[in-house]
2 protein chains.
Amino acid sequence: MNIPVEPSQNPPLEHDHKKCVSEALDTAEQLCVVRGVQLTPIRHQVLELIWASHKAVKAYELLDRIKPQMDAAKPATIYRALDFLIEQGLIHRVESLNAFVGCNCSAHQHEQLLLICNNCQDVEERSAPKVMQALALEIKQADFIVHSKAIEIQGVCAKCTKTISDQS
Amino acid sequence: MNIPVEPSQNPPLEHDHKKCVSEALDTAEQLCVVRGVQLTPIRHQVLELIWASHKAVKAYELLDRIKPQMDAAKPATIYRALDFLIEQGLIHRVESLNAFVGCNCSAHQHEQLLLICNNCQDVEERSAPKVMQALALEIKQADFIVHSKAIEIQGVCAKCTKTISDQS
DNA sequence: ATGATGAGTGTTATAATATAACACTCACTT
DNA sequence: AAGTGAGTGTTATATTATAACACTCATCAT
Ligand SMILES: [Zn+2]
Ligand SMILES: [Zn+2]
Ligand SMILES: [Zn+2]
Ligand SMILES: [Zn+2]
């Protein structure tokens, strides 16, 4: 039996992040057009701020960062934009951090494995098909109907492990 | 190849909950003695309150519930007890709910799959060895060092599905 | 054109969750 | 007797998130 190989969705250790951003924003714009939903200026701006890095970002950090450009911004401004972006699968909420991170697979199916680095705060998203398959089976055996999944691993990423071991 | 079968850790649909509670408290007391840590009256009481059901409980709900017996209780009282109980593996923090639930496998390894019912709020803990195995492999492939795992599935449990379909 | 509707936003207030900081007790050690 | 560390009491505050209501503007049916 052939399990289809998924394209790797891990950002390489060193990478052209401008490309990450422009791809994410392009994809978001296209998806919103196709779906007939509005990626308004506020929503676009919040998405862009989230994509400033691969780190998970807090809502109030976003609020602080958007204020220079939007003096009137209030918590509701941010939370509404976040709600929209999550609904559209353009970002993930990182439950174990109360924070948010851009989704690099927004065009495809969702609910991925998140590897969260406690050292550099980067979040790596992996589709982990074997895990998802085993999980689906386990859930079926429990007669459980799924609404949403959060699979979050905290620890130290490969890049940080390397950096730390280089120092010593 | 034989994968050892783990004892089922799912509370049966109808069950003797007093037994759940007394087993949990007995185990906790024994573990704390063995480990040389103190299950003080406050900690014991909080653990007991959490075990009042299989539902995830909020910290401030615990605070309200402990006040009749402990008028002086403050947020810190609860959060300190929760920190201790989590450290000792006697409860789990449910990240996606900011809530807490008793652990029914505190004597064994940790970080299990949590099935969280959005209808009745019950949390079922499953060891899901196949999932954990696939997950370990995936994490190894990513060169990631694990500190902690949160695997949380929200949806509707078997019991609620049955109840709802019986009504219609 | 008029009024109804719905999505998005502005604004104020407040709820819910969590931690910091410092003082005090008490058991145990030196 | 002084020193130490764990646990707790207490006050204050930080952080995260939502409720509620008003306003705008585009769309649509009458
Ligand atoms: Zn990037
Ligand atoms: Zn890292
Ligand atoms: Zn029970
Ligand atoms: Zn249920």
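In what follows, chains are A, B, ... by sequence order, proteins preceding strands, each numbered from 1.
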*How far apart are the C-alpha atoms of A/Glu125 and A/His54, what are their side-chain angles, what is the distance that settles it, and do they pass the side-chain hydrogen bond (donor to acceptor under 3.5 Å, both in side chains) test?*
CA-CA 10 Å; A/Glu125 196 174 339; A/His54 292 275; over 6 Å; no
*Which nucleotide in D/dG9, D/dT18, C/dT9 has an atom nearest any side-chain atom of B/Met70*: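 My answer, after comparing the listed nucleotides, is D/dG9.
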*Calculate the interatomic distance between A/Lys74 atom NZ and D/dC23 atom P; express it in whole Å.*
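Taking NZ of A/Lys74 and P of D/dC23, I get 16 Å after rounding.
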*Report yes or no: does B/Glu138 contribute a side-chain atom to a donor-acceptor pair with the main-chain N or O of A/Lys130 at less than 3.5 Å?*
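Checked: no pair found.
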*Do the side chain of A/Arg126 and the main chain of A/Leu115 share a donor and acceptor less than 3.5 angstrom apart?*
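Absent.
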Side-chain N or O of [X] closer than 4.0 Å to phosphate OP1/OP2 of [N]:
X: A/Arg43; N: C/dG8; answer: yes
X: A/Gln38; N: C/dA7; answer: no
X: A/Thr40; N: C/dT9; answer: yes
X: B/Lys58; N: C/dA16; answer: no
X: A/Arg93; N: D/dA17; answer: yes

*Side chain of A/Tyr60, base of D/dA17: donor and acceptor closer than 3.5 Å?*
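Per atom types, the contact qualifies.
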*Taking the nucleotide of DNA chain D with the closest heavy atom to each, which residue, B/Ala76 or B/Asn98, is nearer the 5' end?*
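Per heavy-atom nearest nucleotide, the more 5' residue is B/Ala76.
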*Has B/Tyr79 got its ring stacked on the base of C/dT19, with centres under 5.5 Å and planes less than 30° apart?*
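The ring of B/Tyr79 is not stacked on C/dT19.
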*Report yes or no: do B/Val57 and B/Leu90 belong to one cluster of Ile/Leu/Val/Met/Phe/Trp/Tyr joined by side chain heavy-atom distances under 4.5 Å?*
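Both belong to a single hydrophobic cluster.
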